[in-house]
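We number each residue from 1, following the sequence as shown. Hydrogens, waters and symmetry mates play no part in the numbers below; they use all other heavy atoms, side chains included.
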Amino acid sequence: MREIPFGSFQELNKNSNNRKIVLFGAGSGAHKTGRKLNQDYSFMVDNNPNLANTIEDGKDVFEPEILKENQTKYYVIICTTSFTDVSAQLQGYGYTPQKDYIVSPILNDLRVISELENHSARMLFTSGLPEVDDPQSGGGVYELILEGHNWSYKKIYSGICYGLIKHDGTFITVDDKKGVIQFDKDYNILSSKELNQATRGHGIAYSENKNQFYIVSSYRDSIIILDAEFSEIDEISISNKYKIEGEPLHHCNDLCIVGNSLYVTMFSYTGNWKRDIFDGVALEIDLTTNLVKNPVITDLWMPHNISYLNGSLVVLDSLRGELKA
């Protein structure tokens with residue numbers, strides 16, 4: 001994949017190095033760029049042959065061939081949204097990204113879109129739908145392959161699965177019926193461990209400090225603690241409501257661990273979501289004492305996934321369709 005040289009006007013002024021400035025792509029992008037330059041530009045070029053030898057914005061417009069092997073003379077600013085194609089064209093002319101040309105900073109808003117369109121990735125996700133025989137639907141673990149605009153997916157494990165982590169080169173998920181399932185990198189099952197039928201695991205996390213796994217039990221309003229062999233060794237109750245009422249009332253969903261703190265999301269902090277009180281939170285639990293502490297993120301409406309990304313806790317506020325940090 002060819003490099004797309006996005007940057008700032010400061011970088012542009014620094015890299016032009018007293019060369020003549022040429023704008024590639026006639027039109028509004030060139031006009032806006034020209035008005036923001038600290039220096040006047042010489043002319044424009046455009047791939048549209050109908051614009052050759054015309055005048056626009058008081059400047060001559062030529063065919064791009066005038067730039068060939070002239071990188072020591074010209075510094076080019078791409079002013080068209082077709083910057084991917086034009087970048088390849090300029091490299092074919094002998095120009096080096098950043099050093100000899102740059103995408104106009106007024107197009108920086110398109111940078112994220114360009115990165116997404118050229119992004120390649122392979123990822124895994126889970127589905128808690130009922131288990132079916134169809135290889136492309138129903139509950140289980142799926143592999144999604146992204147190649148720019150193209151994508152494909154396949155089911156690698158069939159089950160009712162919630163949550164997935166990577167651990168020591170393996171993948172671990174929670175199947176509502178079969179318990180903890182561990183796969184190798186080729187998706188072969190390495191081990192499995194049944195859980196209490198009244199668990200309904202929603203999400204799994206691993207603590208390096210404790211060498212233990214933690215699973216959210218949405219049926220028991222608790223966090224189940226497993227040892228390295230996935231055997232249940234302890235349980236942390238979110239409140240005493242489950243023991244009193246005999247049914248889950250917080251609707252706990254997902255969790256993540258940062259150091260000695262476990263963070264779990266739930267529909268209702270007070271345990272009243274079945275009464276239409278959606279006081280959702282991300283709640284902290286101290287893993288050194290297993291004591292439930294205070295909410296760290298509040299005002300959530302049916303929250304689910306929680307992760308620790310770039311130094312911040314991020315929660316999926318599902319009903320609002322937002323990520324909240």
- Message: If we count only N and O atoms by modelled type, under 3.5 Å, do the side chains of Thr199 and Arg220 hold a donor and an acceptor together?
- Response: yes

- More than 12 heavy atoms of other groups within 6.0 Å of Glu65 CD: yes

- Item | Ion pair Asp134/Lys155, N-O distance below 4.0 Å | no

- Within-4.5 Å side-chain heavy-atom neighbours: Asn253 and Val216: no

- Side chains of Gln182 and Val180 in contact at under 4.5 Å (non-hydrogen atoms): no

- Task: Calculate, to the nearest 0.5 Å, the distance between atoms NZ and CD1 belonging to Lys178 and Ile160 respectively.
- Result: 9.5 Å

- Is any side-chain heavy atom of Leu144 less than 4.5 Å from a side-chain heavy atom of Leu124? no

- Mark yes or no for whether Ser16, through its side chain, and Asn13, through its backbone, hold a donor-acceptor pair below 3.5 Å. yes

- Task: Please lay out, stage by stage, how Thr173 and Phe183 fare under the test side chain to side chain contact (heavy atoms under 4.5 Å, CB included).
- Result: CA-CA 9 Å; Thr173 189; Phe183 307 90; 3.7 Å; yes

- Item | Donor-acceptor contact below 3.5 Å, side chain Asp221 vs main chain Ser237 | no

- Ring centers of His251, Tyr219 separated by less than 6.0 Å: no

- Query: With under 30° as parallel and over 60° as perpendicular, where do the rings of His167 and Phe213 fit, or are they tilted in between?
  - Reply: perpendicular

- Message: Looking at Arg320 and Asp299, is any side-chain nitrogen of the basic one under 4.0 Å from a carboxylate oxygen of the acidic one?
- Response: yes

- Message: Run the side chain to side chain contact (heavy atoms under 4.5 Å, CB included) test on Asp276 and Phe278 for me, step by step, so that the C-alpha distance in whole Å, both residues' side-chain angles and the decisive distance to 0.1 Å come before the verdict.
- Response: CA-CA 6 Å; Asp276 290 335; Phe278 291 99; 4.0 Å; yes

- Give a yes or no on whether the backbone of Glu322 and the side-chain of Asp317 come within a donor-acceptor separation of less than 3.5 Å. no

- Indicate, with yes or no, if Leu309 and Leu323 share a hydrophobic cluster defined by side-chain heavy-atom contacts under 4.5 Å among Ile, Leu, Val, Met, Phe, Trp and Tyr. yes

- Which class fits the ring pair Tyr162 and His202: parallel under 30°, tilted 30 to 60°, perpendicular over 60°? parallel

- Task: Determine, step by step, whether Met44 and His31 satisfy the side chain to side chain contact (heavy atoms under 4.5 Å, CB included) criterion, reporting the C-alpha distance in whole Å, the side-chain angles of both residues, the deciding distance to 0.1 Å, and the verdict.
- Result: CA-CA 10 Å; Met44 301 181 195; His31 300 172; 4.1 Å; yes

- Note on the structure: What one should report as the nearest heavy-atom pair of Lys241 and Gly271 is NZ-O, 3.6 Å

- Message: Would you call the rings of Phe267 and Trp273 parallel, tilted or perpendicular, taking 30° and 60° as the class edges?
- Response: perpendicular

- Query: Could you go step by step and tell me if Val22 and Ile77 meet the side chain to side chain contact (heavy atoms under 4.5 Å, CB included) rule?
  - Reply: CA-CA 6 Å; Val22 177; Ile77 305 174; over 6 Å; no

- Item | Contact check, side chains of Asn305 and Val314, non-hydrogen atoms, under 4.5 Å | no

- Sub-3.5 Å donor-acceptor pair from the side chain of Asn15 to the main-chain atoms of Lys99, do we have one? no

- Message: Taking the ring centre of each residue, are Tyr74 and Tyr95 less than 6.0 Å apart?
- Response: no

- State yes or no: do Trp301 and Val315 share one hydrophobic cluster built from I, L, V, M, F, W and Y residues joined by side-chain heavy-atom distances below 4.5 Å, directly or via other members? no

- Task: Determine whether Asp46 and Phe62 make a side-chain contact, defined as any pair of heavy atoms from C-beta on separated by less than 4.5 Å.
- Result: no

- Task: Report yes or no: does Asn290 contribute a side-chain atom to a donor-acceptor pair with the main-chain N or O of Ile236 at less than 3.5 Å?
- Result: no

- Task: Take atom NZ of Lys274 as the centre, draw a 6.0 Å sphere, and report whether it contains more than 12 heavy atoms from other residues, nucleotides or ligands.
- Result: yes

- Could you grab the distance from atom CG of Leu67 to atom CG of Leu90, nearest 0.5 Å is fine? 6.5 Å

- Message: Tell me whether Asp40 is salt-bridged to Lys59, with the criterion being a basic N under 4.0 Å from an acidic carboxylate O.
- Response: yes

- Query: So, does Tyr142 use its side chain to make a donor-acceptor pair with the main chain of Ser137 at under 3.5 Å?
  - Reply: yes

- Message: For residues Leu319 and Met266: do they belong to one hydrophobic cluster (side chain heavy atoms under 4.5 Å, members Ile, Leu, Val, Met, Phe, Trp, Tyr)?
- Response: no

- Between Glu11 and Ser8, is there a donor-acceptor pair closer than 3.5 Å when you use the side chain of the first and the backbone of the second? yes

- Shortest non-hydrogen contact from Asn47 toward Pro64: OD1-CG, 3.1 Å

- Message: Just by distance, no angles: are the side chains of Thr126 and Tyr157 close enough, under 3.5 Å, to form a donor-acceptor pair?
- Response: no

- Examine Tyr41 and Val61 and state if one hydrophobic cluster contains both, with Ile, Leu, Val, Met, Phe, Trp and Tyr joined whenever side-chain heavy atoms are less than 4.5 Å apart. yes

- Any donor-acceptor pair under 3.5 Å from Asp186 side chain to Asn188 backbone: no

- Could you grab the distance from atom CG of Leu107 to atom OG1 of Thr33, nearest 0.5 Å is fine? 6.5 Å

- Heavy atoms only: give me the nearest Gly280-Pro303 pair and the separation to one decimal. CA-CD, 4.2 Å

- Message: Please tell me whether Tyr101 and Gln71 have a donor and an acceptor in their side chains that are separated by less than 3.5 angstrom.
- Response: no

- Could you state the interatomic distance from CG (Asp234) to NZ (Lys210), rounded to the nearest 0.5 Å? 9.5 Å

- Query: For Ile78, does its backbone N or O pair with a side-chain atom of Ser104 as donor and acceptor, under 3.5 Å?
  - Reply: no

- Message: Counting neighbours of CD on Glu247 that are heavy atoms of other residues, nucleotides or ligands and sit closer than 6.0 Å, is the number greater than 12?
- Response: yes

- Task: Grab the two heavy atoms, one from Ala26 and one from Leu51, that are nearest each other, plus how far apart they are.
- Result: CB-CD1, 4.1 Å

- Note on the structure: When rounded to the nearest 0.5 Å, the distance separating OH of Tyr75 from OG of Ser42 is 14.5 Å

- Do the side-chain N and O atoms of Thr170 and Asp184 include a donor-acceptor pair separated by under 3.5 angstrom? no

- Query: Does the distance from a Lys or Arg side-chain N to an Asp or Glu carboxylate O, for Lys243 and Glu235, drop under 4.0 Å?
  - Reply: no

- Message: As an exercise, state the distance from CG of Leu313 to CD1 of Ile306, rounded to the nearest 0.5 Å.
- Response: 5.0 Å

- Query: Knowing that exactly one of Ile223, Asn196, Val174, Ile224 qualifies, which makes a side-chain contact (heavy atoms from CB on, under 4.5 Å) with Ser217?
  - Reply: Ile224

- Would you name the heavy atoms of Glu229 and Lys193 that are closest together and state the gap between them? O-CD, 4.1 Å

- Query: Side chains of Ser218 and Pro248: closer than 4.5 Å at any heavy-atom pair?
  - Reply: no

- Where the side chain of Ser261 meets the backbone of Glu284, is there a donor-acceptor pair that is under 3.5 Å apart? no

- Quick one: do the Gln212 and Tyr214 side chains pair a donor with an acceptor below 3.5 Å? yes

- Which heavy atom of Val132 sits nearest a heavy atom of Ser158, and at what distance? O-OG, 3.3 Å

- Task: Please tell me if the side chains of Phe230 and Ile172 come closer than 4.5 Å, counting only heavy atoms from C-beta onward.
- Result: yes

- Task: Would you tell me whether Ser207 and Asn209 have side-chain atoms, one donor and one acceptor, within less than 3.5 Å of each other?
- Result: no

- Message: Taking Ile204 as the starting point, is it possible to reach Ile225 by hopping between hydrophobic residues whose side chains are less than 4.5 Å apart?
- Response: no

- Message: Just so I know, are the side chains of Ile156 and Phe171 near enough to count as touching, which here means a heavy-atom distance under 4.5 Å?
- Response: no

